[in-house]
Colleague: 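Just passing along the structure, written as structure tokens.
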Amino acid sequence: MSEPISLYNSMSRAVEPLRPLAPPRVSLYVCGPTIYNYGHIGNFRTYVAVDLLRRTLTHFGYEVDHVMQFTDVDDKTIRGARENGVPLKQFTSQFREAFLEDAKTLNIEIPERTPNATDHIPRMVELIATLVDKGAAYASDDGSVYFRIAAFPKYGCLSHLDLENLVAGARVNQDEYEKEGVGDFVLWKKWTVADGDVGWDSPWGKGRPGWHIECSALSMEYLGEEIDIHGGGTDLRFPHHENEIAQSEAATGHTFVRSWFHVEHLLVDGQKMSKSLGNMYTVRDVLARGYTGRELRYALLSGAHYSKNLNFTWQGMDDAKTAVARIDEWRRLVRNLSPAALDEPPLLQLAADCLNDFNAALRHDLNANKALGVLFNFISTTNAGLHRGQYLPREIKAIDLVWTAVDAVLGLGDVTESSVPAEVQSLAEQRAAARKAKDFAASDTLRKQIEALGWKVKDTPKGQELTAA
RNA sequence: GGCGGGGUAGCCAAGUGGUAAGGCACGGCUCUGCAAAAGCUGUAUGCGUCGGUUCGAUUCCGACCCUCGCCUCCA
């Protein structure tokens, strides 16, 4: 049984109740990365937000059918392959793998299907042919095919741009003289020398698909002509998604997407990421600075609502690290108190309230920050009770189950206790002996040695506790 | 020029027509050999500025200031 949820639809510019075509199924298409390089944290901000969406949908009882393509042919991938002297496929596959690894680092659930664009060229050609037949596209003399914007009066409906201003815009490419209209965009690019051995045969000659057509083709191929949610970074709104709508609806004659989900960009130190500023960080860069994927995920989730700019700073990463440590500390406490092995969650009003508030926050356009606030309030309250020993084992179980439910959405994961190295263990034993002998000078020295090895010692009523720093 | 997003404590960030969640940082206390962790507690009479509507506005309206983004292939 699926529960109602509201999402901001950037087409209508309003938060609307989600009304899937065939509940409980929700079809979700997300524009994936162009795999010519490692993804940066800005890319992953988008995919973490999408992951929050899919986990939330699942949490509320929907069956998510999620497709995300990998763009493995375009100017950048072709250039990269040539510069490295390797076949296109070889060049892109390494970055496809890297993306999946980084997604795993961030505990992002992999979509049900992740097709490569180049595996579906015939489907794209077919779609382009349909558009040509319907008069919505035309082949130029040289063998490229363009979409005819004049044939699609709705053009601009998503980005709310009007063609008059488009023409006045500064960045219109004036070089493509073959086009009938300045706003017309390419569906099929004729082969050029720079493409090397990359190219496919088509009714219009050798070439490759334009960027926009792949998403239309793959979305329709896997999810049908009309889908529930289509998402991606905010920059894709125009022209990419606008063009997708034009292509798809001109071909099918009906609605392509019911709700548009756009994730706002991430900034670094208040500025747009760019190579020249040296602030384009990959997930790997963040790990290299000593942070974990969990901490990055927390920072990405809590930094701002998905619809607003998120300002990434190293200070923010430090804050995230401490916040995650607070959660972890609470989790250790709960687990060490051995919750009862029960299948049925017992009644604990506190736990029920927490889940209700948590759900309410998510239901309203994925308010992750508010949801986290609910969690932290729960942590504070239960920490006090747990330290006082006021809960019965079955109540501790109820607390434990709250985390299970909440983390199914947040995806922060549980602390994984790494095994204590023998050297650290040995130092810890010496320290325990020193403390017993009340040789606190030796004890403090040993603690420093243990810390130098990357571990923290904590003295508890039950003895020392070791955790990886 | 067109369209849109922001301006809330030292930093980050929710939120609502009735008197401000949460995280981080900081101070005090409890606990501790000392720490750590945790708890308790203190930090915005205030939510860009000026007007207006209202019994009452940070929340609605108007003007203005500042800032960010998009306007043809960048998540």
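Just so it is clear, the values below take in all heavy atoms, side chains as well, and ignore hydrogens, waters and symmetry mates. Keep in mind the model is a prediction, meaning the values are calculated, not measured.
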Colleague: Measure the distance from OH on A:Tyr36 to C1' on B:C73 and round it to the nearest whole Å.
Modeller: 12 Å
Colleague: With heavy atoms under 4.0 Å as the rule, sort A:Asn367 into base, sugar-phosphate or nothing.
Modeller: sugar-phosphate
Colleague: Would you mind pulling out the nucleotide paired to B:C50, Watson-Crick or G-U wobble, both distances under 3.5 Å?
Modeller: B:G62
Colleague: At less than 3.5 Å, do the side-chain atoms of A:Asp74 and the base atoms of B:C73 form a donor-acceptor pair?
Modeller: no
Colleague: Measure up the A:Trp211 and A:His240 rings against each other and bin them: parallel (under 30°), tilted (30 to 60°), perpendicular (over 60°).
Modeller: parallel
Colleague: When you measure from the side chain of A:Phe376, which nucleotide among B:G23, B:G6, B:C68 comes out closest?
Modeller: B:G23
Colleague: Using the P atom on both, measure B:U49 against B:A57 and round to a whole Å.
Modeller: 15 Å
Colleague: Between B:A75, B:C73, B:G33, which nucleotide gets closest to the side-chain atoms of A:Asp444?
Modeller: B:G33
Colleague: Nearest to the side chain of A:Pro239 - B:A37, B:G23, B:U72?
Modeller: B:U72
Colleague: Hey, does A:Phe440 reach any base, or is it just sugar-phosphate, or nothing, if we go heavy atoms under 4.0 Å?
Modeller: base
Colleague: For B:A21, give the paired nucleotide (Watson-Crick: N1-N3 plus N6-O4 or O6-N4; G-U: N1-O2 and O6-N3; both under 3.5 Å), or none.
Modeller: none
Colleague: Would you classify A:His212 as touching base, sugar-phosphate or nothing, given that sugar-phosphate means primed atoms plus P, OP1 and OP2, and contacts are heavy atoms under 4.0 Å?
Modeller: nothing
Colleague: Is A:His265 stacked on the base of B:A75, meaning ring centres closer than 5.5 Å and planes within 30 degrees of each other?
Modeller: yes
Colleague: Between A:Arg237 and B:C3, is there a side-chain N or O to OP1/OP2 distance below 4.0 Å?
Modeller: no
Colleague: How about A:Phe95 and A:Tyr38: are their ring centres within less than 6.0 Å of each other?
Modeller: yes
Colleague: Measuring to OP1 and OP2 of B:G39, would you say a side-chain N or O of A:Asn383 lies under 4.0 angstrom away?
Modeller: yes
Colleague: Regarding A:Glu465 and A:Thr460, do their side chains bring together a donor and an acceptor under 3.5 Å, going by distance alone?
Modeller: no
Colleague: Got a sec: does the NZ of A:Lys206 have more than 12 other heavy atoms crowding it under 6.0 Å?
Modeller: yes
Colleague: Would one find a side-chain N or O of A:Lys179 under 4.0 angstrom from OP1 or OP2 of B:U72?
Modeller: no
Colleague: Classify A:Gly232 by what it touches in the nucleic acid, base, sugar-phosphate, or nothing, heavy-atom distance under 4.0 Å.
Modeller: sugar-phosphate
Colleague: Could you please name the partner base of B:U45, counting Watson-Crick and G-U wobble pairs only when both distances are under 3.5 Å?
Modeller: none
Colleague: Rounded to the nearest angstrom, tell me the gap between atom NZ in A:Lys436 and atom P in B:G33.
Modeller: 16 Å
Colleague: Go through B:G23, B:C74, B:C34 for me and flag the one nearest to the A:Asp459 side chain.
Modeller: B:C34
Colleague: For A:His387 and A:Phe185, find the nucleotide of RNA chain B closest to each by heavy atoms; which residue's nucleotide sits nearer the 5' end?
Modeller: A:His387
Colleague: Return the minimal non-hydrogen interatomic distance between A:Leu372 and A:Leu410, and the atom names on each side.
Modeller: CD2-CD1, 3.9 Å
Colleague: Atom CD1 of A:Ile379 to atom P of B:G22: distance rounded to whole Å?
Modeller: 13 Å
Colleague: Would you classify A:Asn377 as touching base, sugar-phosphate or nothing, given that sugar-phosphate means primed atoms plus P, OP1 and OP2, and contacts are heavy atoms under 4.0 Å?
Modeller: sugar-phosphate
Colleague: Apply the side-chain hydrogen bond (donor to acceptor under 3.5 Å, both in side chains) test between A:Arg431 and each candidate in A:Asp459, A:Thr445, A:Asp444; give the one that qualifies.
Modeller: A:Asp459
Colleague: Of all the choices, B:C34, B:C74, B:A14, which nucleotide is nearest to the side chain of A:Lys76 once you look at every atom?
Modeller: B:C74
Colleague: Mind checking if A:Leu266 touches a base, just sugar-phosphate, or nothing, with heavy atoms under 4.0 Å?
Modeller: base
Colleague: Which whole-number value in Å describes the distance from A:Arg431 CZ to B:G33 P?
Modeller: 11 Å
Colleague: Rounded to whole Å, please give me the gap between NE2 in A:His230 and P in B:A75.
Modeller: 14 Å
Colleague: Check every strand shown and say whether A:Lys321 touches a base, only sugar-phosphate, or nothing at a heavy-atom separation below 4.0 Å.
Modeller: nothing
Colleague: Are OP1 or OP2 of B:G23 and a side-chain N or O of A:Asn369 less than 4.0 angstrom apart?
Modeller: no
Colleague: On RNA chain B, compare the nucleotides closest to A:Ser380 and A:Val374; which residue's is nearer the 5' end?
Modeller: A:Val374
Colleague: Both distances below 3.5 Å, Watson-Crick or wobble geometry, any strand: find the nucleotide opposite B:C70.
Modeller: B:G2
Colleague: Rounded to whole angstrom units, what separation is found between the CZ atom of A:Phe312 and the P atom of B:C24?
Modeller: 18 Å
Colleague: With rounding to whole Å, what would you report as the distance between B:C40 and B:G46 at their C1' atoms?
Modeller: 26 Å
Colleague: Using a 4.0 Å heavy-atom cut-off across all strands, classify A:Gly32 as base, sugar-phosphate, or nothing.
Modeller: nothing
Colleague: Over all strands shown, is A:Lys458 touching base, sugar-phosphate only, or nothing at heavy-atom distances under 4.0 angstrom?
Modeller: base
Colleague: Quick check for you: among B:G39, B:G5, B:C24, whose closest atom lies nearest to any side-chain atom of A:Thr322?
Modeller: B:C24
Colleague: Any donor-acceptor pair under 3.5 Å joining the side chain of A:Ser307 to the base of B:G5?
Modeller: no
Colleague: To the side chain of A:Glu264, which of B:G69, B:A75, B:G39 is closest?
Modeller: B:G69
Colleague: Could you tell me if A:Asp285 and A:His40 have a donor-acceptor pair between their side chains, going purely by distance under 3.5 Å?
Modeller: no
Colleague: Would you say B:C70 has OP1 or OP2 under 4.0 Å from some side-chain N or O of A:Lys272?
Modeller: yes
Colleague: On the 0 to 90° scale, with breaks at 30° and 60°, tag the A:Tyr281-A:Phe312 ring pair as parallel, tilted or perpendicular.
Modeller: tilted
Colleague: With a cut-off of less than 4.0 Å, is there a side-chain N or O of A:Arg13 near OP1 or OP2 of B:G4?
Modeller: yes
Colleague: B:A13 and B:G6: how far apart are their P atoms, nearest whole angstrom?
Modeller: 13 Å
Colleague: Quick one: is A:Arg447 getting a side-chain N or O under 4.0 Å of the B:A35 phosphate, OP1 or OP2?
Modeller: no
Colleague: Given atom CG of A:Leu161 and atom P of B:G2, what is their separation to the nearest angstrom?
Modeller: 13 Å
Colleague: Do the rings of A:Phe185 and A:Phe147 sit parallel, tilted or perpendicular, given the 30° and 60° boundaries?
Modeller: parallel
Colleague: Using a cut-off of 4.0 Å on non-hydrogen atoms, how would the nucleic acid contact of A:Arg208 be classed: base, sugar-phosphate, or nothing?
Modeller: nothing
Colleague: Using atom P of each nucleotide, how far apart are B:U43 and B:U59 to the nearest Å?
Modeller: 25 Å
Colleague: If pairing requires Watson-Crick or G-U wobble contacts with both distances under 3.5 Å, which nucleotide is the partner of B:C29?
Modeller: B:G39
Colleague: Once you round it to whole Å, what is the distance between C1' of B:U72 and OH of A:Tyr155?
Modeller: 7 Å
